[in-house]
There are 2 protein chains.
Amino acid sequence: MVSSRRETTTGGPTGRRLTAENRERQIVEGAIAYFAEVGLDGHTRELARRLGIAQPLLFRYFPTKAALIERIYQEVYLRRWDAGWEAVVRDGALPCLERFRRFEIDYQRRIDDYAWLRIFVSAGLKGFDLPSRYLGMVRERIFAPLLEGMRAESNLPSPREQPLAPDEFELLFGIHGALVYVGLRSRVYGIDGTPDRDAVRAAMLDAALPGLLATHRRVVIAGGPKG
Amino acid sequence: MVSSRRETTTGGPTGRRLTAENRERQIVEGAIAYFAEVGLDGHTRELARRLGIAQPLLFRYFPTKAALIERIYQEVYLRRWDAGWEAVVRDGALPCLERFRRFEIDYQRRIDDYAWLRIFVSAGLKGFDLPSRYLGMVRERIFAPLLEGMRAESNLPSPREQPLAPDEFELLFGIHGALVYVGLRSRVYGIDGTPDRDAVRAAMLDAALPGLLATHRRVVIAGGPKG
DNA sequence: GCCCTTGTTGATCGTTCGCTCAATAGAAGG
DNA sequence: CCTTCTATTGAGCGAACGATCAACAAGGGC
């Protein structure tokens with residue numbers, strides 16, 4: 001990899017005197033892998049050891065450990081948000097169920113990732129607002145447009161006439177949660193289950209989507225005027 | 001702060017010189033609440049402060065912090081396992097879907113608990129085998145008998161003739177995960193969502209159960225001989 | 001009243017944490 | 001070859017960690 005001088009104990013030569021840009025990227029990627037593995041209470045000394053660098057070097061690039069973690073949030077969650085998701089759930093050329101299916105298949109493939117899932121729940125446990133803010137985005141930017149489309153497809157009142165009810169969101173979050181749980185069992189609970197989680201989630205969608213519109217209709221009508 | 005007879009800063013008088021039994025129980029319950037809140041990396045000094053006792057007293061009742069955490073596992077998970085669950089899923093007087101519904105409603109009510117859910121995922125993040133072992137119990141003691149009953153109800157080969165397939169378990173874990181996710185969003189991600197999570201889960205079951213047997217039949221037949 | 005048992009504490013040990021700073025060393029320009 | 005710039009490091013700070021131990025104090029039996 002690099003070079004006449006310096007190699008880490010793990011065998012990977014670090015190469016010293018990187019450009020600031022490269023070193024920063026190396027630190028961020030190493031921090032993502034490390035904190036995903038041991039949790040956000042991981043230690044800066046151990047992170048530095050894994051990177052093959054001295055611990056004070058971390059503080060040259062990030063003023064505090066908290067700042068490094070904040071950077072991880074941006075890198076793993078905000079940067080990986082796909083604007084295409086917001087487009088597909090509004091794609092009038094597709095039936096709503098197909099929009100939902102396409103979103104979930106793509107979304108789950110993106111977040112069924114060791115670092116994504118583990119740092120997400122780790123942040124939730126530490127009381128950071130990242131998970132609630134992120135799921136708020138899913139709710140408002142993905143599920144709300146989907147529910148609006150489902151209302152229209154079922155000839156039900158628009159959200160303007162009858163605001164979206166919590167129970168309608170729960171319908172989508174229920175299916176969503178079943179799909180997320182597949183990844184959680186593997187990445188967080190450490191269960192080496194079915195090899196092809198993509199296929200498992202596709203099957204779950206096949207089982208859950210056909211009845212969704214009818215259930216949604218019932219929920220909306222039950223929550224309608226004088227309901 | 002500490003007058004003649006000692007009181008904690010939180011207002012609750014600690015009362016010193018408890019019997020060993022009472023002190024131990026107080027420590028265990030306090031530790032459950034504390035580690036659930038801050039994670040298993042919480043500090044013994046802070047735990048002692050919240051209990052209104054000196055930190056070394058913890059080590060009189062538990063030799064190490066790890067031993068205290070091990071005790072928490074027994075208290076929160078193994079002791080709260082309900083033998084009735086294993087009975088109801090084998091109750092031949094009920095249709096399988098009703099057995100499943102009753103199990104899930106009771107089970108979810110038990111585990112939708114701040115300490116239960118947070119310590120569970122915290123243990124998973126720390127790489128402890130508690131979550132995988134616990135879900136292994138659910139799989140073998142709950143879902144396996146349920147699937148066997150569903151096979152019988154649908155006049156399909158028994159697990160003896162055709163072993164239970166991973167895809168069949170995923171069918172149940174899918175619905176299960178959707179229900180667990182309701183609690184996770186509230187207890188771990190900090191989303192104060194629908195007030196009545198019991199009702200939300202009941203609605204999810206109403207939506208998911210009716211199609212379950214038919215889907216299960218398809219899965220078993222697809223995975224059958226020369227499948 | 002006194003003693004004995006034992007629940008409880010203050011002081012403290014060795015280690016490790018996040019973080020700082022002066023000194024070092026590798027690359028680029030003359 | 002020498003200077004300049006800066007990425008990088010070794011040494012170390014104050015604080016907090018898990019854990020230890022001798023000393024203290026609250027009851028119960030005599």
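Per chain, numbering begins at 1; letters A, B, ... match sequence-line order.
- Within residues 122-130 of chain B, no residue has any heavy atom under 4.0 Å from DNA chain D.
- Regarding A/His43, its NE2 atom lies at a distance of 11 Å from the C1' atom of C/dT15, rounded to whole Å.
- With sequence neighbours left out, the side-chain contact (heavy atoms from CB on, under 4.5 Å) criterion links A/Val88 to A/Leu94, A/Arg102, A/Phe103.
- At whole-Å resolution of the value, CD in A/Glu46 and P in C/dT16 are 12 Å apart.
- Considering only residues two or more places apart in sequence or on other chains, A/Asp41 meets the salt bridge (charged side-chain N to carboxylate O under 4.0 Å, His left out) condition with A/Lys126.
- Taking the salt bridge (charged side-chain N to carboxylate O under 4.0 Å, His left out) definition, one finds that B/Arg45 meets it with nothing, sequence neighbours left out.
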Report, one pair per line, the protein and nucleotides 20-23 of chain C atoms (nitrogen or oxygen only) whose separation is under 3.5 Å.
none

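- When each of D/dG18, D/dT8, C/dT9 is scored by its nearest atom to the side-chain atoms of B/Ala54, the top-ranked nucleotide is C/dT9.
- What separates CD1 of A/Ile69 from C1' of C/dG18 is a distance of 12 Å, to the nearest Å.
- Proximity of A/Tyr61 to the phosphate of D/dT8: a side-chain N or O atom is located under 4.0 Å from OP1 or OP2.
- Between the side chain of A/Tyr134 and the backbone N or O of A/Leu78, no donor-acceptor pair lies under 3.5 Å.
- Partners of A/Asp198 under the salt bridge (charged side-chain N to carboxylate O under 4.0 Å, His left out) rule, at least two apart in sequence or in another chain, are A/Arg109, A/Arg201.
- Atom pair B/Leu57:CG and D/dC24:P shows a separation of 18 Å (rounding to whole Å applied).
- Residues meeting the salt bridge (charged side-chain N to carboxylate O under 4.0 Å, His left out) test with B/Glu24, sequence neighbours left out: B/Arg71.
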Are there any protein N/O atoms within less than 3.5 Å of an N/O atom in nucleotides 4-6 of chain D, and if so, which ones and at what distance?
residue	atom	partner	partner atom	Å
D/dT6	O2	A/Arg17	NH1	3.4
D/dT6	O2	A/Arg17	NH2	3.1

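- The separation between B/Ile27 atom CD1 and C/dT8 atom C1' is 11 Å, rounded to whole Å.
- Every residue meeting the ring-ring contact (aromatic ring centres under 6.0 Å, His included) condition with A/Phe143, not counting sequence neighbours, appears here in chain and number order: A/Phe173, A/His176.
- Within the structure, ring pair (Phe, Tyr, Trp, His ring centres under 6.0 Å) pairs that include any residue of residues 182-209 of chain B comprise A/Phe120-B/Tyr189 (at least two apart or interchain).
- The CZ atom of B/Arg45 sits 13 Å away from the C1' atom of C/dC17 (whole-angstrom rounding).
- You'll find the side chain of B/Thr44 stays beyond 4.5 Å of the side chain of B/Leu68, heavy atoms only.
- In this entry the distance linking CZ of B/Arg49 with P of D/dC17 reads 11 Å, nearest Å.
- Remark: P of D/dT8 and CG of A/Leu58 are 11 Å apart, rounded to the nearest angstrom.
- For residues 51-64 of chain B, no residue pair satisfies the salt bridge (charged side-chain N to carboxylate O under 4.0 Å, His left out) rule, not counting sequence neighbours.
- Using a 4.0 Å heavy-atom cutoff across all strands shown, A/Thr19 reaches no nucleic acid atom at all.
- Identified under the ring pair (Phe, Tyr, Trp, His ring centres under 6.0 Å) test for residues 24-72 of chain B, with sequence neighbours left out: none.
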